[in-house]
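Notes follow the structure.
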2 protein chains.
Amino acid sequence: MLTNSRLVHQPHDHSRCINAALASANNLCAEKNARLTATRESVLRLLWQSHQPLGAYQLQDRLSKLLNKPVAPATIYRAVDFLLQLGLIHRIASLNAYIGCPFPNSEHSNLFMICTDCGSTAEVAHNTINDLLQSISDKAHFTLKSQSLELFGLCPQCSADTEESSNG
Amino acid sequence: MLTNSRLVHQPHDHSRCINAALASANNLCAEKNARLTATRESVLRLLWQSHQPLGAYQLQDRLSKLLNKPVAPATIYRAVDFLLQLGLIHRIASLNAYIGCPFPNSEHSNLFMICTDCGSTAEVAHNTINDLLQSISDKAHFTLKSQSLELFGLCPQCSADTEESSNG
DNA sequence: TTTATTAATGTTATATTATAACGTATCATT
DNA sequence: AATGATACGTTATAATATAACATTAATAAA
Ligand SMILES: [Zn+2]
Ligand SMILES: [Zn+2]
Ligand SMILES: [Zn+2]
Ligand SMILES: [Zn+2]
């Protein structure tokens, strides 16, 4: 199992998350002869400002402020599509939002734990889950191509807060 | 494990699916003192016309034709919200679409196998999956409240078609 | 059976998310 | 420099979803 849940849900040196993500992105783009242009890198950086997914129009606002000029939706969607293609980010369908991938080079489960309170979202890669879904698909003669697994609930911090307020 | 995948992916007497769904709906509404009004029942029937999810505006078109009068989006979303609340239908987030639930009274995994070719969508309830997701959540101290699991691929029929055309 | 209360619907407008279309600029190759 | 491919700017619009408020219908009380 591979997850960034401890980082996501606990105080940490987030600049290391950002740096790691940008380094991965540069490597991957070099490998695949893909161009990490200024816009694309900015969008990736914006998504890595936190561990909470951002919607396209939130990205638009932020990029617009960053560049101090108007930015059109198409600009965002193009950058997002590029990053999705490369696996540098993921789309969270239930939120219509996007989030940086913490391990773009690893096997994926496309499994996310989404805090419905604070929005923080951790990714999990888990072979057992993948194997189980594959075997369920096999039994149904369903040719599995991809998956989107979204868990909703409370992150450790928000669970603790809820616990406190119900006790106090 | 509980699934309607055989029904979904094979020729069958679909009127039985419809009748079962409507009977379940009536029972559930009676139990919960909820009113299955004409609009709500029509929307449920429309969703049960096939095993493929329908979007809100597809429902709007169809209900409009059925009633031979204009229908506003709000009408559809209200009916859909009602049916979702009762668990009579599900929302497929990746498709922005809705589908009837084949076993509204059972434990759920909210797991769907979606054919990217023909759109047919089967639901699966599977304790092992649920247990595994629960244990992953526990390890991460994540308080799991709900989940949305979507598998994309080819249904048996479309798999067979693809196989044929690649052979021929 | 009137009256009050609640639940459901009608209606209009608008918010949010996403794509289409087409021209321009930039980059890589020759 | 000429060419073709890729990326971006810009405008418009499509597709999905919600807000707000008036009206009607169903239920409950008087
Ligand atoms: Zn971090
Ligand atoms: Zn990832
Ligand atoms: Zn059927
Ligand atoms: Zn169901």
Side-chain angles (χ1 to χ4, degrees), chain A residues 25-26 28-44 46-47 52-64 66-86 88-99 119 148 150, chain B residues 25-26 28-44 46-47 52-64 66-86 88-99 119 148 150:
Chain A
N26 278 299
L28 200 63
C29 287
E31 263 182 44
K32 303 215 172 172
N33 257 324
R35 289 164 53 201
L36 191 61
T37 62
T39 306
R40 291 164 176 174
E41 182 173 329
S42 294
V43 168
L44 184 60
L46 286 171
L47 284 177
Q52 301 171 353
L54 293 179
Y57 286 78
Q58 289 177 294
L59 284 168
Q60 180 189 25
D61 285 350
R62 295 181 192 201
L63 186 58
S64 176
L66 189 69
L67 303 180
N68 204 33
K69 69 171 187 183
V71 165
T75 300
I76 301 300
Y77 282 104
R78 282 169 182 154
V80 157
D81 285 345
F82 172 87
L83 297 167
L84 285 171
Q85 291 282 330
L86 283 177
L88 291 169
I89 66 173
H90 297 288
R91 181 169 193 272
I92 309 290
S94 62
L95 303 178
N96 297 321
Y98 308 88
I99 191 167
S148 164
E150 302 178 6
Chain B
N26 278 300
L28 199 63
C29 287
E31 264 181 42
K32 303 216 171 172
N33 257 327
R35 289 164 54 199
L36 190 62
T37 63
T39 305
R40 291 164 176 176
E41 181 173 328
S42 294
V43 168
L44 184 59
L46 286 171
L47 285 176
Q52 301 171 353
L54 292 179
Y57 287 77
Q58 290 178 293
L59 284 169
Q60 181 190 24
D61 284 350
R62 295 181 192 202
L63 185 59
S64 176
L66 189 69
L67 302 180
N68 204 32
K69 69 171 188 183
V71 165
T75 300
I76 300 300
Y77 282 104
R78 281 168 182 154
V80 157
D81 286 345
F82 171 87
L83 297 168
L84 284 171
Q85 291 282 330
L86 282 177
L88 291 169
I89 67 173
H90 298 289
R91 180 168 193 273
I92 309 291
S94 62
L95 302 178
N96 297 321
Y98 308 87
I99 192 167
S148 163
E150 302 179 5

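Per chain, numbering begins at 1; letters A, B, ... match sequence-line order. Everything numeric here is computed off the predicted structure, so don't read it as measured data.
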- Query: With a 4.5 Å heavy-atom cut-off, do Thr39(A) and Val71(A) have their side chains touching?
  - Reply: no
- In whole angstrom, what separates Leu59(A)'s CG from dA18(C)'s C1'? 14 Å
- How close or far is atom P of dT19(C) from atom CG of Leu84(A), stated in whole angstroms? 11 Å
Can you tabulate the close N/O pairs, meaning under 3.5 Å, that link protein atoms to atoms of nucleotides 4-10 of chain D?
unit_1 : atom_1 : unit_2   : atom_2 : d
dA7(D) : OP1    : Arg40(A) : NH1    : 3.2
dA7(D) : OP1    : Arg40(A) : NH2    : 3.4
dA7(D) : O5'    : Arg40(A) : NH2    : 3.3
dC8(D) : OP1    : Thr37(A) : OG1    : 2.6
dG9(D) : N7     : Arg78(A) : NH1    : 2.8
dG9(D) : O6     : Arg78(A) : NH2    : 2.4

- Task: Quickly work out the Leu95(A) CG to dA18(C) C1' distance and round it to whole Å.
- Result: 16 Å
- Query: Reckon Asn96(A) has a side-chain N or O less than 4.0 Å from the OP1 or OP2 of dT16(C)?
  - Reply: no
- Query: What integer distance in Å separates Gln60(B):CD from dT16(D):P?
  - Reply: 11 Å
- Item | All side-chain hydrogen bond (donor to acceptor under 3.5 Å, both in side chains) counterparts of Arg91(B), not counting sequence neighbours | Asn96(B), Tyr98(B)
- Query: Roughly how far, to the nearest 0.5 Å, is OG of Ser94(B) from CD1 of Ile92(A)?
  - Reply: 12.5 Å
- Figure out the CD/C1' separation between Gln58(A) and dA18(C), and round it to whole Å. 15 Å
- Pairing residues for Glu41(B) by the side-chain hydrogen bond (donor to acceptor under 3.5 Å, both in side chains) criterion, not counting sequence neighbours: Arg45(B)
- Task: Write down the distance between CG (Asn33(B)) and C1' (dA28(D)), rounded to a whole number of angstrom.
- Result: 13 Å
- Message: When you measure only distances, ignoring hydrogens and angles, does the side chain of Tyr57(A) come within 3.5 Å of the base of dA18(C) through a donor and an acceptor?
- Response: yes
- Grab the CG-P distance between Asp81(B) and dT9(C) for me, whole Å please. 12 Å
- Taking OH from Tyr77(A) and C1' from dT13(D), how many angstroms apart are they, rounded to a whole number? 14 Å
- Let me know which of Leu88(A), Ile99(A), Leu59(A) forms a side chain to side chain contact (heavy atoms under 4.5 Å, CB included) with Leu47(A). Leu59(A)
- Task: Check whether any side-chain heavy atom of Ile76(A) sits under 4.5 Å from a side-chain heavy atom of Tyr57(A), and report yes or no.
- Result: no
